[in-house]
Amino acid sequence: MSLLLLLAAHVVASQKTVTPKFIELSDPGLSEVTVEAIVKLPALDNHERAMLDRLARSIPMGPAEYSQNDLMAITGGRVVRCDIMPDCLVIEIPAFKEDLVGAISVLAGVLRNARIDDSSTLTSGNEPDPWTSVIHGPLAPQDGYKLRKGELAEFYHRVFRPESVTVAVSGPFASDEAQKEWDRKIDGWQLPNLIRAWPLPDPLPDSSPSIGAIELDGPEISPDSPNLNSSLLALFALGCGKGGSLYRIAREKDGLSYRQEAVLWPTTTGWVPRLVVAASDQKDPDGAAAQLKIDLIADVSKWTEADRLRASGLATGVLERGVPLSPFYFQSDGPVTGSVYNRAFLEAYWLSKTGTPWNAEGMAERLRGVSLEALKAAAYEMLTHAQLLVKRPK
Amino acid sequence: MLPLIACLLATQVPVGQPPRLRTSLSNGAIVQVERMPNANSLSVQLFVASRNTPETPATNGRRHLLEHLVARGTHGDLDQRLESVGAFLNAHTLRDATQFEVTLPAGQLKLGLAALQETMHMPEVTQDVIKHEAIVLGQESALREPEDKLSAAAWSAAYGDDGLDAFGNLDVIRSTTPADLVELHRRMYIGSNLVISIAGDVDLDAATKLAADILKVIPAGETRLPSSRKSATSAEVTLPGSGEARGAAVPGFLSPKSAWVLAAGLSVAATIPNCFVTYTPTSRNGLVIVGQTDGNRIGSAFDSAKANELVAHGRRLARRWVERQLQDPTAVASLRGMLLVQSLGLKPEVMLENIDAMQPYQFEEGLDAFRHGAGVIVGGTR
């Protein structure tokens with residue numbers, strides 16, 4: 001077999017059609033339309049992450065059949081967002097209320113026929129801000145890998161598959177209006193039959209964040225864990241708000257950092273609870289991390305009903321009123337809350353992640369029902385099994 | 001049964017009330033209350049004008065340090081109390097004012113006002129406390145976003161010492177004494193510097209009275225005088241790191257030109273991925289900044305921008321920029337408070353009128369304000 005043939009990607013359309021999950025959120029109180037898609041990701045190595053980064057930078061250019069002016073007319077000049085998270089790609093198309101049809105067309109277009117530029121070499125993307133580099137980890141170094149023709153398109157079709165996609169549309173439209181338009185636009189999305197005909201390159205190595213950090217990572221939490229509620233409340237008690245243990249110890253007592261948070265971080269199979277302390281220029285970061293773990297465990301032993309009430313009060317505020325002190329780092333630009341601006345995203349994300357509908361009030365009620373004993377047990381579990389990480393800046 | 005009915009009547013908001021009420025107190029302080037029926041959150045904010053405490057290179061950072069210290073409250077458990085009901089306090093030091101915002105569930109007005117009252121007291125401060133907080137501020141500095149650094153460089157280039165970065169100089173912060181902070185607090189917390197801005201599902205009269213009770217005991221201080229900022233200088237500067245920003249000088253918030261420049265900046269920013277636009281409403285000369293932290297396409301985008309193609313987008317985006325700040329209680333209390341603490345005449349509705357009245361040639365003038373020779377250019381060195 002010739003090398004050229006080996007390097008060719010065979011994309012054969014099969015007759016099988018699968019429909020993405022779709023959620024319509026008709027709400028006359030909203031002033032704008034938001035179209036949100038969650039594209040569930042398979043496990044990817046660093047090289048594939050680099051390809052994904054290039055893909056995510058292509059998506060905001062819109063579908064191949066739309067010019068930039070067409071796109072701007074629909075979005076009112078706002079940018080189509082495409083965020084990469086460990087478990088999914090998030091695509092968000094903002095539109096004015098009169099542009100529902102156009103916004104749905106754009107999404108259907110980018111899911112099936114995005115404008116993809118694979119004619120060049122992979123290059124590193126923009127350096128994230130310091131906190132984001134701590135939370136997300138640094139960008140995988142990409143410089144120098146020459147994309148083969150068709151390689152990115154093959155990868156695109158491998159990731160963008162109807163069974164991986166969940167869509168939510170919110171806005172002030174009539175009931176069924178978005179659903180009908182979506183059905184019309186997505187009709188006939190055929191599943192490509194892909195054969196990757198070139199060898200995978202070696203995975204790219206990790207690099208360092210732009211500032212130092214110390215971190216305690218607890219055991220992974222599964223979406224169907226029986227202890228999900230107590231684990232979530234433990235995150236609020238440990239690391240959300242200025243009354244949380246992490247703030248009181250790392251900032252007020254030790255002066256280690258300005259920003260320290262509990263982070264519920266997605267993985268392809270669940271979430272990892274992370275206690276993250278951004279701490280630059282520490283003389284002994286390993287010692288500080290070990291001491292932080294000891295201090296946090298000691299602090300949990302002193303928790304009282306007041307700590308439980310603070311955590312559940314804050315959780316209720318986050319879930320029901322969009323208080324921004326949230327541990328739910330499900331999007332790349334920061335944690336999401338129950339605010340109206342995150343509603344379409346959370347509806348799509350939660351269904352995609354857990355198979356169950358998002359219910360902010362229900363979750364808040366369950367968290368309020370966690371006892372002090374269960375809360376402390378979940379916090380101990382998280383801390384005693386936590387892996388200590390010291391991230392040194394480059 | 002009768003007492004229950006009386007109680008229900010007393011807690012209902014009268015339907016005939018106007019949307020907002022502004023009250024000037026005899027000591028110069030102002031209470032602004034915006035009624036937002038059915039809002040499920042409530043925002044209570046305190047603004048302390050900086051007009052009496054302009055920072056110089058020798059004092060740059062002291063207001064920020066004081067903000068950190070007073071935001072803790074008087075008993076050290078303010079945040080615990082707020083968070084237990086799902087409320088929280090945020091504080092910001094800006095060039096024109098220091099802002100304390102408490103966001104609460106509906107119905108918690110008294111708790112919010114009590115929290116603000118605590119932030120008005122000068123706490124006990126020792127040199128060790130300052131030393132500790134200076135370390136925290138050093139950590140905050142390390143976390144500053146590239147957008148902040150580009151914007152601070154643009155302000156400094158345009159206005160020199162009149163545009164000092166409100167974050168402050170860490171060396172100045174470290175060398176501040178407790179006596180410096182006591183004196184700063186005395187000059188800042190006077191009636192004519194203070195505004196309490198409230199937005200949510202509240203009774204206008206009752207909320208005004210509660211806020212006025214807190215403010216009326218503050219000494220009057222000096223007469224409220226408008227402050228000014230010198231005219232901007234066109235300049236070109238470089239900054240370590242990546243990215244690029246263009247700053248366009250604008251007169252005060254009420255000037256139609258500010259609306260044209262904002263619309264022009266927003267429309268061009270929308271054509272470039274990962275772009276940011278910053279404009280902090282001010283009664284004085286200010287800057288609209290358009291930047292990109294990972295590229296250098298801003299200049300060419302302004303140079304090639306065609307007013308006739310972008311003016312409609314610019315108008316929509318500028319309207320949306322204002323309207324989004326009038327949608328939820330936190331944004332409303334923030335924008336109206338920020339405007340009022342600077343001048344009684346500043347209103348967001350004027351900006352909307354100026355956007356609607358904008359002509360294509362005026363939009364072109366807005367674009368020109370960013371172009372070479374007119375605006376401030378900040379370029380990263382890599």
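In what follows, chains carry the letters A, B, and so on, assigned in the order in which the sequence lines appear, proteins first and then strands, with residues in each chain numbered from 1. What you see is a predicted model, and the numbers here were worked out from it, not measured in a lab.
Only the side chain of B:Glu133 has a heavy atom closer than 4.5 Å to any heavy atom of chain A. In this structure, no portion of B:Leu78 lies under 4.5 Å from any heavy atom of chain A. With a 4.5 angstrom heavy-atom cutoff, B:Gln327 touches chain A only via side-chain atoms. Only the side chain of B:Arg72 comes within contact range of chain A, with heavy atoms under 4.5 Å apart. Contact annotation for B:Asp328: only side-chain heavy atoms (C-beta onward) come within less than 4.5 Å of a heavy atom of chain A.
What you find for A:Leu325 and B:Glu83 is that their closest heavy atoms are CD1-OE2, 4.2 Å. Scanning both residues, A:Ala278 and B:Leu143, for their nearest heavy atoms gives CB-CD2, 3.9 Å. A:Ser257 and B:Gln139 make their closest contact through CA-CG, 3.7 Å (heavy atoms, listed as atom of the first residue, atom of the second, distance). For the residue pair A:Arg251 and B:Val136, the shortest heavy atom distance occurs at NE-CG1, 3.6 Å. Annotation for B:Gln80 and A:Asp307: closest pair NE2-OD1, 4.0 Å, computed over non-hydrogen atoms. For the pair A:Pro130 and B:Ala142, the tightest heavy-atom approach, listed with the atom from each and the gap, is CG-O, 3.5 Å.
We find the CG-CZ distance between B:Asp77 and A:Arg310 to be 12.5 Å, quoted to the nearest 0.5 Å. Separating the OG atom in B:Ser84 from the CD atom in A:Glu305 is a distance of 10.5 Å, to the nearest 0.5 Å.
Taking 4.5 Å as the limit, every side-chain heavy atom of B:Phe88 sits out of range of all side-chain heavy atoms of A:Lys242. Between B:Glu323 and A:Glu32, every side-chain heavy-atom pair lies at or beyond the 4.5 Å cut-off.
Note on B:Glu140 versus A:Arg259: no salt bridge recorded, every NZ/NE/NH1/NH2 to OD/OE distance being 4.0 Å or above.
Of residues 304-316 of chain B, those residues with a non-hydrogen atom less than 4.5 Å from any non-hydrogen atom of chain A are, in numerical order, B:Leu310, B:His313, B:Arg316.
For chain A, the option among B:Cys275, B:Ser141, B:Pro105, B:Ala106 with the highest count of heavy-atom pairs below 4.5 Å is B:Pro105.
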